[in-house]
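Structure record follows, encoded as structure tokens.
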2 protein chains.
Amino acid sequence: MEHVVDFLPVVGKHADTSMTSVIVVEDDRLLRQSLARLIGEARSYRCLGTFTTAEEALEKVPGLRPDVVVMDINLPKMSGIDCTRQLKLAHPEIGVLMLTVYDDSERIFEALRVGASGYLLKRSVATEILQAIQDVKEGGAPMSSQVARKVVASFRVAAKADAENATLSERETEILAHLSKGYSNKEISERMCISLSTVRTHLRHIYEKLHVRSRAEAIVRFRH
Amino acid sequence: MEHVVDFLPVVGKHADTSMTSVIVVEDDRLLRQSLARLIGEARSYRCLGTFTTAEEALEKVPGLRPDVVVMDINLPKMSGIDCTRQLKLAHPEIGVLMLTVYDDSERIFEALRVGASGYLLKRSVATEILQAIQDVKEGGAPMSSQVARKVVASFRVAAKADAENATLSERETEILAHLSKGYSNKEISERMCISLSTVRTHLRHIYEKLHVRSRAEAIVRFRH
DNA sequence: GCATAATTCGTCCTTTTGGACGATTGGAAA
DNA sequence: TTTCCAATCGTCCAAAAGGACGAATTATGC
């Protein structure tokens with residue numbers, strides 16, 4: 001960790017509920033330092049620390065318990081999106097604000113999908129940045145109106161996808177039942193008298209609908 | 001299928017409860033034919049058919065619903081033991097009598113462990129064979145007194161092994177808990193801070209103790 | 001009749017899992 | 001003290017599973 005402002009309350013900046021504690025994860029040194037300085041110097045904001053990689057952040061952020069993590073969407077090795085996914089899995093209470101240099105809808109969507117609360121363009125001015133952090137802490141979702149519109153549109157898709165969750169088709173339901181008895185794909189194909197390929201196609205559809213990535217997860221989901 | 005006696009009742013040999021229907025799975029042509037003839041000609045026995053491979057037997061035996069399958073322990077490709085395991089999994093009501101040329105304790109134990117009811121030495125005489133088949137149909141377990149003694153001894157081991165089922169070690173229990181949440185080996189290794197190798201070693205031990213062969217089966221077992 | 005979904009089968013490729021081993025360390029029991 | 005077991009890590013190999021596709025046929029709803 002390059003820059004730790006402090007771990008104990010500082011005179012005139014008590015760690016009470018009015019303080020917003022922030023972590024910055026950004027590999028570019030200039031941007032990282034200017035963000036840390038901006039946050040550290042602002043009234044009622046504290047920068048608990050900064051990290052340059054997703055891996056380091058994942059390891060140390062949970063112990064620091066920040067209100068908000070400002071995360072570069074584009075980090076070396078593990079991306080900020082993957083980092084956000086893992087962080088939110090373990091600590092859903094921590095708000096994540098994505099940092100991106102340009103209006104990359106695809107990656108912003110992906111980030112929001114894995115749990116980010118909003119995003120900031122790197123060219124944003126100081127007041128916007130602090131306001132966005134505050135919004136995230138208070139449960140808001142700062143984003144541009146263009147992106148907000150796209151997000152609303154994507155929610156329709158998501159809602160549709162979720163409706164399909166409940167409606168596994170007949171064959172898919174049969175296969176899920178076999179899965180949950182512990183049978184292998186080969187055993188299922190034999191019992192249902194269909195090819196292995198077909199079993200696997202059904203499985204892929206089941207995984208998509210249930211939002212899982214393995215038979216183990218599907219079994220768990222099936223058995224509540 | 002080489003030899004199908006009949007699928008419909010034959011005059012003087014009605015398929016009532018007093019009839020014992022048998023399937024023979026044996027790759028040696030001479031032995032297969034002589035067994036089929038012996039069974040077919042005996043009063044109150046019917047040979048529903050014979051197969052030369054485990055694979056063929058697995059496919060067609062369920063449709064024939066025999067009382068007893070006489071299974072060579074030593075078949076080409078898939079062994080009679082593996083065939084018995086699969087057959088008993090799907091159709092526990094079908095009795096299986098293993099055929100072996102010599103008193104191979106290890107393999108006979110294995111066969112009994114996977115669900116065979118008893119065994120026959122190939123040198124057995126006709127009356128012994130028919131009596132053994134009848135015993136199996138009636139829920140008995142025909143075996144030589146020497147083997148019976150060993151089986152009793154092995155039950156002590158098995159009882160010990162089963163006691164160990166309940167006593168998964170601490171780490172094994174932790175891993176099983178993670179399994180049953182749908183985590184992959186990699187995720188488990190990260191969450192428990194141990195290497196992938198160690199997770200897999202624990203898993204192998206868990207599978208041995210629970211008598212399962214996949215994580216899906218282990219999850220099902222864990223969740224009753 | 002046309003769009004949509006379900007069902008079926010396939011290929012190519014990568015990752016994961018499982019089986020069969022060996023080996024080390026540390027602690028507990030005989 | 002010796003022996004056993006739990007826990008740890010590893011290698012080599014084979015089988016299973018999964019992802020990303022395409023594609024054909026048969027319903028089914030609008």
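Order of the sequence lines fixes the chain letters, A, B, ..., with proteins taken first and strands second; residue numbering starts at 1 for each chain.
- Looking at heavy-atom distances under 4.0 Å, B/Arg215 makes contact with sugar-phosphate atoms alone, never a base.
- Distance CD1 (A/Ile175) to C1' (C/dT7): 10 Å, rounded to an integer number of Å.
- A/His205 comes within 4.0 angstrom of a base, heavy atoms only.
- Of all the residues in residues 192-202 of chain A, A/Ile194, A/Ser195, A/Ser197, A/Thr198, A/Thr201, A/His202 reach under 4.0 Å from DNA chain C with at least one non-hydrogen atom.
- The closest donor-acceptor contact from the side chain of B/Arg46 to the backbone of B/Pro66 lies at 3.5 Å or more, if one exists at all.
- Residue A/Arg204 is classed as a base contact, given a heavy-atom separation below 4.0 Å to a base.
- Using a 4.0 Å cut-off, some side-chain N or O of A/Tyr207 falls inside it from OP1 or OP2 of D/dG18.
- Rounded to whole Å, atom C1' of C/dG18 lies 18 Å from atom NZ of B/Lys186.
- A donor-acceptor contact shorter than 3.5 Å links the side chain of A/Arg215 to the backbone of A/Tyr183.
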Under 3.5 Å, N/O pairs linking protein and nucleotides 24-30 of chain D:
none

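- What separates CD1 of B/Ile206 from C1' of C/dG19 is a distance of 15 Å, to the nearest Å.
- Residue B/Asn185 has a polar side-chain atom (N or O) positioned under 4.0 Å from OP1 or OP2 of C/dT17.
- Side chains of B/Glu174 and B/His202 form no contact here, defined as non-hydrogen atoms less than 4.5 Å apart.
- Protein atom CG of B/Leu203 is 15 Å distant from nucleotide atom C1' of D/dC9, rounded to whole Å.
- Within the 4.5 Å cutoff, the side chain of A/Val70 has no heavy atoms near those of the A/Glu26 side chain.
- Put simply, the side chain of A/Ile73 reaches to within 4.5 Å of the side chain of A/Ile81, judged on heavy atoms.
- For the helix from C/dG1-D/dC30 to C/dA30-D/dT1, the end axes, each set by the C1' atoms of five terminal pairs, are bent relative to each other by 60° (nearest 10°).
- Using a distance-only test at 3.5 Å, with no hydrogens or angles considered, a donor-acceptor pair links the side chain of A/Asp67 to the main chain of A/Ser21.
- The CD atom of B/Glu170 sits 18 Å away from the P atom of D/dC5 (whole-angstrom rounding).
- Remark: the backbone N or O of B/Ser195 is not paired with any side-chain donor or acceptor of B/Ser189 at under 3.5 angstrom.
- Under a 4.0 Å N-O distance rule, the pair B/Lys60/B/Glu56 qualifies as a salt bridge.
- Counting to the nearest Å, the C1' atom of D/dC5 and the CD atom of B/Glu208 are 13 Å from each other.
- Residue B/Arg171 has a polar side-chain atom (N or O) positioned under 4.0 Å from OP1 or OP2 of D/dT8.
- Rounding to the nearest 0.5 Å gives a distance of 12.5 Å between CZ of A/Arg200 and CD1 of A/Ile194.
- Counting to the nearest Å, the P atom of D/dA15 and the CD atom of A/Glu187 are 16 Å from each other.
- In this structure, the side chains of A/Leu179 and A/Leu176 come closer than 4.5 Å at one or more pairs of heavy atoms.
- Here the side chain of B/Ser79 pairs no donor or acceptor atom with the backbone of B/Leu75 at under 3.5 angstrom.
- Atom NZ in B/Lys209 sits about 17 Å away from atom P in C/dG18, given to the nearest Å.
- Taking CG from B/Leu35 and CD1 from B/Ile23, the interatomic distance works out to 13.0 Å, rounded to the nearest 0.5 Å.
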